[in-house]
There are 4 protein chains.
Amino acid sequence: MPQDIDAAMEALNASVEVDCELWRVDIRGSMAHARGLAQAGIISAAEAAQLVGGLEQIGAMIEAGELEWDAKLEDVHMNIEARLTELVGPVGGKLHTGRSRNDQVATDLRLWARGQCEAALRALSALARVIVSRADDEIDTLMPAYTHLQRGQPSRLSHHLLAWEQMLWRDRGRLHDGMLRLNECPLGAGAVAGTGFPIDREVVARDLGFERAMKNSLDATASRDFLLELASSLAILGVHLSRIAEEIVIWSTQEFGFLTLSDQFATSSSMMPQKKNPDVAELIRGKSARLIGSATALLALEKGLPLGYDRDLQEDKRPIFDAFSDALACLRALAGALATCSFERERLQAALARGHLCATDLADYLVGQGVPFREAHGVVGGLVRAAEAAGVDLGELSTEVLREAHASLGSEEARAVFDPEAAVERRAVVGGPARARVMESIFDARQRWQTGPATGA
Amino acid sequence: MPQDIDAAMEALNASVEVDCELWRVDIRGSMAHARGLAQAGIISAAEAAQLVGGLEQIGAMIEAGELEWDAKLEDVHMNIEARLTELVGPVGGKLHTGRSRNDQVATDLRLWARGQCEAALRALSALARVIVSRADDEIDTLMPAYTHLQRGQPSRLSHHLLAWEQMLWRDRGRLHDGMLRLNECPLGAGAVAGTGFPIDREVVARDLGFERAMKNSLDATASRDFLLELASSLAILGVHLSRIAEEIVIWSTQEFGFLTLSDQFATSSSMMPQKKNPDVAELIRGKSARLIGSATALLALEKGLPLGYDRDLQEDKRPIFDAFSDALACLRALAGALATCSFERERLQAALARGHLCATDLADYLVGQGVPFREAHGVVGGLVRAAEAAGVDLGELSTEVLREAHASLGSEEARAVFDPEAAVERRAVVGGPARARVMESIFDARQRWQTGPATGA
Amino acid sequence: MPQDIDAAMEALNASVEVDCELWRVDIRGSMAHARGLAQAGIISAAEAAQLVGGLEQIGAMIEAGELEWDAKLEDVHMNIEARLTELVGPVGGKLHTGRSRNDQVATDLRLWARGQCEAALRALSALARVIVSRADDEIDTLMPAYTHLQRGQPSRLSHHLLAWEQMLWRDRGRLHDGMLRLNECPLGAGAVAGTGFPIDREVVARDLGFERAMKNSLDATASRDFLLELASSLAILGVHLSRIAEEIVIWSTQEFGFLTLSDQFATSSSMMPQKKNPDVAELIRGKSARLIGSATALLALEKGLPLGYDRDLQEDKRPIFDAFSDALACLRALAGALATCSFERERLQAALARGHLCATDLADYLVGQGVPFREAHGVVGGLVRAAEAAGVDLGELSTEVLREAHASLGSEEARAVFDPEAAVERRAVVGGPARARVMESIFDARQRWQTGPATGA
Amino acid sequence: MPQDIDAAMEALNASVEVDCELWRVDIRGSMAHARGLAQAGIISAAEAAQLVGGLEQIGAMIEAGELEWDAKLEDVHMNIEARLTELVGPVGGKLHTGRSRNDQVATDLRLWARGQCEAALRALSALARVIVSRADDEIDTLMPAYTHLQRGQPSRLSHHLLAWEQMLWRDRGRLHDGMLRLNECPLGAGAVAGTGFPIDREVVARDLGFERAMKNSLDATASRDFLLELASSLAILGVHLSRIAEEIVIWSTQEFGFLTLSDQFATSSSMMPQKKNPDVAELIRGKSARLIGSATALLALEKGLPLGYDRDLQEDKRPIFDAFSDALACLRALAGALATCSFERERLQAALARGHLCATDLADYLVGQGVPFREAHGVVGGLVRAAEAAGVDLGELSTEVLREAHASLGSEEARAVFDPEAAVERRAVVGGPARARVMESIFDARQRWQTGPATGA
């Protein structure tokens, strides 16, 4: 059994296959630590320079694909440190002075997560700008607004696209808040109770671009709520992307026909030669499920763990690495798909003709004539049933039928209610689909995604 | 089959049993809408006054338990509107002018969530203040710092408690950020595409204490990411509470004996007359799982939903209602349990005697003598094995044995390393357990929980 | 603070509001325990009769709504026992001999879960029979088979409905397997280490309809994997129902128009008088998310709990109660909705005309003429592009164009490939949509849901 | 932008990096399909032999690491087919006749999952046998039984270990049931509506070791509930392993000291030279969280997907691959850790001395004297309080104090109640910790894990 046992433990224990993702930030953190040791007089300036130089060399080697990760050395940290000692000799053994793998990995993760947030915010912004730009292109394209996937009222495609923009704006705020909140430095927290060496933690923190040193060494090494927060924010972002994706799938059907993906973003079938499938949208929708799984895994992982560091935390890496990688892939592919798709304006416009879309406007017209809304709603409901029975749309009912339902409906003015363009323009409240309002929203969105703050307003 | 069918559909459809929780905010929202209709000249000031008066009356009735919710009227909104029309007559039918259940319920949920956040922030602050106060009481209580639930280094109970405080501080930030982000008003968004009536949405928004009107009517009625964000933040808070709870359970064992719950917070067994169980901590740990489940349910709920409003969203209420109610119960009970428990100072102190807790300090001492850290770590590792073999703690090894391992370890100075109190004081970096550092942290925490901003610094 | 503390602990601790759901099985379990005590000579037959009689009386009272649950008595078990002692006097105090709340509640939960499984299996069977019956009605209704929500090949509505049936059949197997697996009796396991009284556990087990006594008292009181299994099976069932629901939503759109819900199962809008929304399907889809949340909550709840019984387990009740109640509501409502909806045969049939649905058949025809499949796929792909360019469907291309693509396509025989009905009939393999195969499947399904075993074949 | 777009879509679309895991079963499935085509006369026997030979060659190449997966060819299926055509020429293009990637991948997944179940069942059985064997070794080791992590009653280590065995036994049943349920063959289902070629699906199914051909081609290609079921069963198994892991962590503390991991399964600290950490248990506990995440991801993935095949399903692979791989690693490592750990018999035995563990027995003794249990429970509760006040254990109270509490407690016989060994032996009911009962359980467990059926009894 012995060999099996060793194999079983090694399979469970070794993490370098996954955590090699951290190599850049690990090197960066070690450089700052070396400088901190020198600044505190714990090692000499020359020693620090040797260490930093060696680390730079290792970075270049990894970049060039010249360092083979060795599972026997367990993780990315020991792989780099072992290589360093080979390169610079015994002084390599001084790098870990006043440091533990516990504060080291916590620092690496925060540096890594900060960089990923920046990448995600850039990709999010690129996607939002595509959406706003398509909204601008389609400013004159009318379409039904749906609820329950049923046609509801006349509206405007740009208005629909800008709903997506608003959703993404809040995602931006969440990621940005999380990025600010995590920007504290664990280095110097040691294994759990701080280091006895007089390192100036604030200096090291600033060296790495952190806002401050973390205020409690036990918390610094044992807490990962920043990952939970980011994974949750990414899961919410994924939910938003999945909603957009669902609409792309539905709009791409032969039945709706509102949208045609470019060939680059549609795929064919191995059996059915005529198929052109919205795989890009389905994959995004699918990946949103995995983002939910990652958030759940991380929450379950930390539940009930006593302080300080427990090895369970090693298992936080795969879920958060996957989460950022999946989110980035989705953001980029969706931006490409939306930038290159065609909106089928005639099909969108044609959809206004059926569904009695001006029923609300007709009821509102009655309210304008002094009828209480609930009563007006009832009168129009009756007319809709009459239209259905006659196999026509509400706007095709004769003036007699309308007048019979309510005297005021016999007028020219009432008839004008059925014009969908006018109906859209009547919805000129803040946030409504009237052309001028939507133009304002496009202007506002352009401003925000250029320069705006990530939180709140 | 007909009756069964009706029963099946009603069982699925009726929600008043759950959403009656929203009655206060529903009334508040309706009052603001009525005033908004009057301000825009859509109804008269007298009509608005009638409506507001009627709504006030209904609020008083519900408060007094005099209104029976009727499942036939489906939800809280129709129950209140129906009662209003009974009270004020036909003018009741005007209340819903320019409004849909879609913007109404979205407004209710935001008002409700805002209030719940405030309550949670208050309870969180109360708990944090209890913790800080206990940290102050226990400033002179030493204990081991643990990693992997193994004794690691000498530390201080206050330092451990302040790690809890730091975790809660970030929870405060998350809830506060989410509360700011949701504080926008959906009213006026109608069913999906805004209202045709010239309501001034910004005025109505301010009337309800919102920062602004929501910028897109489709987004306003179809989005619930604010619930997803709050549920996630509560799940993370729950994870933190579960970690504290786990430590209470472990510290309360006969084996650890670090903590004794007051009788109010311990419970007995129906079979074993001697038992005093840490049920309060176990229930909190258990509820954290349900908070995870609520966040997951809400994420899965919204995944892949096309815009605008879909009825699936009705199912968001129970999870978010449960989440806030569970979180509040946990925060309050934990505050009580921690305020009234005893920390067993002698047991905590006694735990320092075994576990070779000064091994790191001994290695650090060698580093001070010029030995590279990795080598020093090896020397001390050897001494620990020697101590284990001899059945003593590291500090009980003879001077000879120490000197043999490394010449410098024969000195008086080296021997002094084994004093746990001195070891704790040596960890005087920012965030370390040295007494002065912890006193600073207590002061800092007091300031923050009194007045500090919820985000960031 | 004292009162607050008590309130906080009581809010966390009391469970009778939730666990009163268990009253019937708690009484049943107590009766069996009383008989077991008598059978073992621990109490007299007369005492057992008194206890059983008292419990019967209490059951009748609860049924009649005459027992008020008292939160001060904490849970359903103590409420019933307290009332029993009031009714029968001091002998009431003997009921708990050789029993703990730990084995009592584990027994109650298993009895309850067994009953719920039976109810769910009945409702599942009723739904499946509705589906099979609709499949029989629609045996001659053709429609496209979709992949990626794109039209793929000609098929048959019955064939689609029977895919639902197959999914439900496996759900039946999972629930049934879980029901068999849980059917073991914890009574006699005591708090954790069994009872010292010589109760015959097998006799008590059989009295309650269990297969056997549980084999380890620690496992019997500390394990809840039966709930995890059932919650998972219900979540999978919910996923299946959500897929059916999604199709109902999509088929009910104006654009697809394949299905019309009966008025009983469609709902209207408070603002838009013309709306008829597929709320029943959306609510089912929404509830499937809550079923996922319940399974996740239960998994997270038990993760990392040491044995034996921990109070965390109290929190398993709400998720499993909700899960069964939600699943039952969905099964019943969906059965009603499907029993009463109309399938719009003309719209279904009309959908065959566009989408080049016979492209695969054309490629298969070429294969029959000796062309390797991959090459045939390419030839037909070219023809589809030609048809698209000409704005026609594949079947509308001229014989010349076909012949040019491949000589054999100029024949009459080749032209016959475009008949959708023939195409469906060609798919006569097991599991295909040819009429005779579907008739066989209907017959097979009828047999199975009548009498068949729940597992496997 | 074009290149970026292509890169973005490729990043999302290509799956070979993940699904290359399926190569063995893909080749096996293709061989059976080739034989099926020949058997039906669609290709010649010689062509089938060429295809099978080519596939064998490719298998050998992959085994030898000589095939480079090409992301441009998208997935494992196209990589193999492309290579095949290179090897065997145009006949390679005939392999996909009557097949689609949809039924191909569904077949691969089922074959793969069946193999993984078998591997998991073997690893589970190996772990269970280790546990039973340790239970046998420790048959005479007494220890307290805990509830709420508080000492409850005297018990036996073997009895505790056998609770683990029972949990694993049910896990075995779940995996086995799932394996049986999935054992149906999708091949011949085509893309969605079956194939028009007269393949004998039952023959192909048997060739691949399946029980039967799947009964509905739409279900066969669109359903993945077998993965949801397996992921759920693995998550439940993971929960069980996490509970065992939690106990290993707690038992390994200095405070409990019940268990010492072998050096192979304990790990050290990079900073603290004395540390020996139970990483193996923490990693297992951590991986259980990821198993929960995988199950959640898969459930969320399939929720609300319309039939037939949607590309979202590509995202099911990573979660299920990870789930099996994590579960296997945990099972194997835990078996090794438990096979090589030491149970510290003296510490276990010593723990019986404190905690008033015979309180229940004393109450039971009073019941034997005719005192109703609830009253007896009260009397003993009072004695425990007296002991606590005197700083002694219940068994150390003087005979006078006992007699005062209740006359019968003054006897020799009553005093004998305090012997822990006798107390354990008194619990001789089925499933109790009495030596003979535990011996029976060991015998029974040995039988079952050797030969027993996986479901039920």
Side-chain angles (χ1 to χ4, degrees), chain A residues 90 93-94 96-97 145 147-149 152-153 155 162-163 166 170 173 177 180-181 188 192-194 196 201 213-219 225 228 232 235-236 239 242-243 246-247 285 288 292 296 299 302-306 308-310 364 367 372-375 426-427 429-433 456, chain B residues 90 93-94 96-97 145 147-149 152-153 155 162-163 166 170 173 177 180-181 188 192-194 196 201 213-219 225 228 232 235-236 239 242-243 246-247 285 288 292 296 299 302-306 308-310 364 367 372-375 426-427 429-433 456:
Chain A
K94 296 198 172 183
H96 213 57
T97 312
T147 63
H148 309 265
L149 214 56
Q153 296 173 336
S155 187
L162 291 171
Q166 281 290 296
R170 292 187 300 271
D177 287 350
L180 292 183
R181 200 172 351 262
V192 54
R201 294 186 60 211
M214 287 190 74
K215 295 184 173 191
N216 183 289
S217 62
L218 176 55
D219 173 53
D225 48 303
L228 274 54
S232 298
I236 299 172
V239 164
S242 79
R243 300 186 75 169
E246 173 87 359
E247 299 200 291
R285 194 174 57 185
S288 77
I292 295 173
T296 303
L299 287 164
E302 287 210 39
K303 177 189 160 250
L305 290 190
Y309 181 82
D310 300 305
D364 287 355
V367 168
F373 178 73
R374 285 290 179 203
E375 193 185 326
R426 264 195 302 277
R427 293 192 169 75
V429 284
V430 168
Chain B
K94 296 196 172 184
H96 212 56
T97 311
T147 62
H148 309 265
L149 214 55
Q153 297 172 335
S155 188
L162 291 171
Q166 281 290 295
R170 291 187 299 272
D177 287 350
L180 291 183
R181 201 174 346 264
V192 55
R201 292 186 60 212
M214 287 190 75
K215 293 183 173 193
N216 183 290
S217 62
L218 176 55
D219 173 53
D225 49 302
L228 274 53
S232 298
I236 299 172
V239 164
S242 80
R243 300 185 75 170
E246 173 85 359
E247 300 200 291
R285 195 174 55 185
S288 77
I292 294 173
T296 303
L299 286 164
E302 286 210 40
K303 180 192 157 245
L305 289 191
Y309 181 84
D310 300 305
D364 287 355
V367 168
F373 177 72
R374 284 288 179 205
E375 195 185 324
R426 264 195 302 277
R427 293 194 168 72
V429 286
V430 169

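Every chain is numbered from 1, with letters handed out A, B, ... down the list of sequences.
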Open item on the list: Quick check on the interface: out of A:Leu228, A:Leu305, A:Leu162, who has the most heavy-atom pairs with chain B under 4.5 Å?
Closed with: A:Leu305
Task: Closest-packed option against chain A by number of heavy-atom pairs under 4.5 Å, given B:Gly194, B:Ala145, B:Gly188, B:Ala193 - done: B:Ala193
Open item on the list: Looking at B:Gly304, is its backbone amide N or carbonyl O close enough to the side chain of A:Arg285 to form a donor-acceptor pair, meaning the two atoms are under 3.5 Å apart?
Closed with: no
Task: Atom group of B:Glu375 that falls short of 4.5 Å from chain A, counting heavy atoms - done: neither
Task: Partners meeting side-chain contact (heavy atoms from CB on, under 4.5 Å) with B:Val367 (sequence neighbours left out) - done: A:Thr97, A:Phe197, B:Phe373, B:Ala376
Open item on the list: How close do B:Val239 and A:Lys303 get, counting heavy atoms only, and between which atoms?
Closed with: CG1-N, 4.0 Å
Open item on the list: If you compare all heavy atoms of A:Ala163 against all heavy atoms of B:Asp219, which two are closest, and at what distance to 0.1 Å?
Closed with: CB-N, 3.8 Å
Open item on the list: Please report the interatomic distance CD(B:Gln166) to CG(A:Asn216), rounded to the nearest 0.5 Å.
Closed with: 6.0 Å
Task: Closest-packed option against chain B by number of heavy-atom pairs under 4.5 Å, given A:Pro306, A:Gly308, A:Gly196, A:Pro90 - done: A:Pro306
Open item on the list: Measuring from atom CG of A:Leu299 to atom CD1 of B:Ile292, what distance do you get when rounded to the nearest 0.5 angstrom?
Closed with: 5.0 Å
- [ ] With rounding to the nearest 0.5 Å, note down the distance linking CZ in A:Arg243 to CG in B:Asp310.
- [x] 6.5 Å
TODO: Return yes if some donor-acceptor pair links the side-chain N/O of A:Ser217 with the main-chain N/O of B:Gly431 below 3.5 Å, else return no.
DONE: yes
Task: Residue, of A:Arg201, A:Met214, A:Arg426, that accumulates the most heavy atom pairs under 4.5 Å with chain B - done: A:Arg201
Open item on the list: Counting heavy-atom pairs under 4.5 Å with chain A, which one of B:Gln153, B:Glu302, B:His148 comes out on top?
Closed with: B:His148
